[in-house]
Protein chains: 2
Amino acid sequence: MKSQRSDCPVSQSLDVWGDKWSLLIIRDLMFAKQLTYGDFLKAPEGISTNILATRLLQLEEHGLIEKLDHPDSKAKVLYRLTGKGIDLVPVMIEINLWAEKYFTIPADRKAMLKEVKKDKDGFIKAGMKELRKG
Amino acid sequence: MKSQRSDCPVSQSLDVWGDKWSLLIIRDLMFAKQLTYGDFLKAPEGISTNILATRLLQLEEHGLIEKLDHPDSKAKVLYRLTGKGIDLVPVMIEINLWAEKYFTIPADRKAMLKEVKKDKDGFIKAGMKELRKG
DNA sequence: TGTTTGCACTTGCAAAACGCAAGCAAACAT
DNA sequence: ATGTTTGCTTGCGTTTTGCAAGTGCAAACA
């Protein structure tokens with residue numbers, strides 16, 4: 001997915017994160033703020049190591065995530081969302097709301113979405129602010 | 001993308017429409033309400049015929065779109081969004097808003113997003129209502 | 001200080017998905 | 001009756017995916 005298929009905003013977006021794994025990586029970073037390579041591998045979907053490496057690189061190249069030195073060790077690498085990545089929070093929330101309506105989802109997610117529905121704009125704004133703090 | 005990877009709402013959503021083409025098909029139906037097989041092929045991204053057939057079938061199986069008899073001819077088939085598909089409008093809008101911030105997008109889309117930003121909830125509600133009318 | 005462990009990737013290879021081109025059957029138009 | 005349109009299907013080469021094993025460097029351990 002390297003070249004642009006059209007100038008449609010949806011198409012261009014999909015060219016960046018429209019695959020099976022990228023949004024899951026972004027999801028993990030939205031919940032955790034900072035993760036190591038190994039942390040991503042622990043996600044329940046079970047991404048394989050080569051795919052993860054490729055996706056992390058592409059997301060970094062597209063400016064959605066960035067690498068960070070780990071404070072404890074040079075052997076570890078931290079990944080976090082950039083502003084461009086954080087700006088996907090509204091998309092992520094809407095996906096969750098859609099999924100809640102049509103799938104069976106975990107209780108903790110349901111609880112989160114209950115909060116979202118009380119004040120969607122407020123929830124999103126607060127979440128994004130928190131992510132920007134680091 | 002046949003089996004469920006996890007019970008995460010994002011993951012489950014991606015299992016349904018998380019490929020390179022599905023959201024573009026849904027986009028086309030949101031703009032046009034009803035389209036024939038041949039109409040989809042005219043989209044600027046240039047989906048190939050076998051992929052289109054596969055995606056249409058999967059989207060129908062997942063209940064996002066449905067087939068409809070064409071009033072003019074038995075040789076033609078009409079596709080349109082179901083309620084489940086129409087409910088993706090908020091996701092689609094947020095994707096457009098994100099893309100507008102980071103990509104160069106066509107003027108007509110920009111004009112549409114200007115309307116969106118005046119009253120997002122109102123725009124979405126009206127758009128979904130219009131789609132439900134048929 | 002030598003060795004083992006942990007972490008972040010690479011590499012090899014088989015399987016699946018993709019994508020172009022051609023083909024095909026059922027309407028439909030003339 | 002014949003040619004065209006429409007909605008797919010089929011073949012086949014290329015690309016992407018996914019599992020498993022391997023590599024290199026840093027830290028921890030003995």
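A note on names: the letters A, B, ... follow the listed sequences, proteins ahead of strands, and every chain is numbered from 1. Remember, predicted model here, so these are calculated numbers, not experimental data. Atoms considered below: every heavy atom in the structure, side chains included; atoms not considered: hydrogens, waters and symmetry mates.
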Length of the line joining [X]:[atom1] and [N]:[atom2], which is rounded to integer Å:
X       : N      : atom1 : atom2 : value
B:Gln58 : C:dA16 : CD    : C1'   : 13 Å
B:Arg5  : D:dC19 : CZ    : P     : 12 Å
A:Arg55 : C:dT10 : CZ    : P     : 14 Å
A:Ile47 : D:dT16 : CD1   : P     : 16 Å
A:Asp19 : D:dG18 : CG    : C1'   : 14 Å
B:Asp72 : D:dT6  : CG    : P     : 11 Å
A:Glu45 : D:dT17 : CD    : C1'   : 16 Å
B:Lys42 : D:dT6  : NZ    : P     : 7 Å

Partners meeting side chain to side chain donor-acceptor pair (under 3.5 Å) with [X] (sequence neighbours left out):
X        : result
B:Lys118 : B:Glu115
A:Asp28  : none
B:Thr49  : none
A:Glu66  : A:Arg80

Taking any strand in view, what nucleotide pairs with C:dG23 in a Watson-Crick or G-U wobble way, both distances under 3.5 Å?
D:dC8
Is A:Lys20 close enough to D:dG18 that one of its side-chain N or O atoms is under 4.0 Å from OP1 or OP2 there?
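Yes, such a contact exists.
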For D:dG18, does OP1 or OP2 lie under 4.0 Å from any side-chain N or O of A:Trp21?
yes
Are the side chains of A:Lys20 and B:Lys20 in contact, using a 4.5 Å heavy-atom criterion?
no
Does any pair with a residue in residues 109-134 of chain B pass ring-ring contact (aromatic ring centres under 6.0 Å, His included), and if so which ones, sequence neighbours excluded?
none
Does a sphere of radius 6.0 Å around CG in B:Asp69 hold more than 12 heavy atoms from other residues, nucleotides or ligands, not counting ones at 6.0 Å or beyond?
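Open: at most 12 neighbouring heavy atoms sit under 6.0 Å from CG of B:Asp69.
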Taking protein heavy atoms under 4.0 Å as touching, what does nucleotides 7-12 of chain D look like 5' to 3' if B marks base contact, S marks sugar-phosphate-only contact and - marks none?
SBBBB-
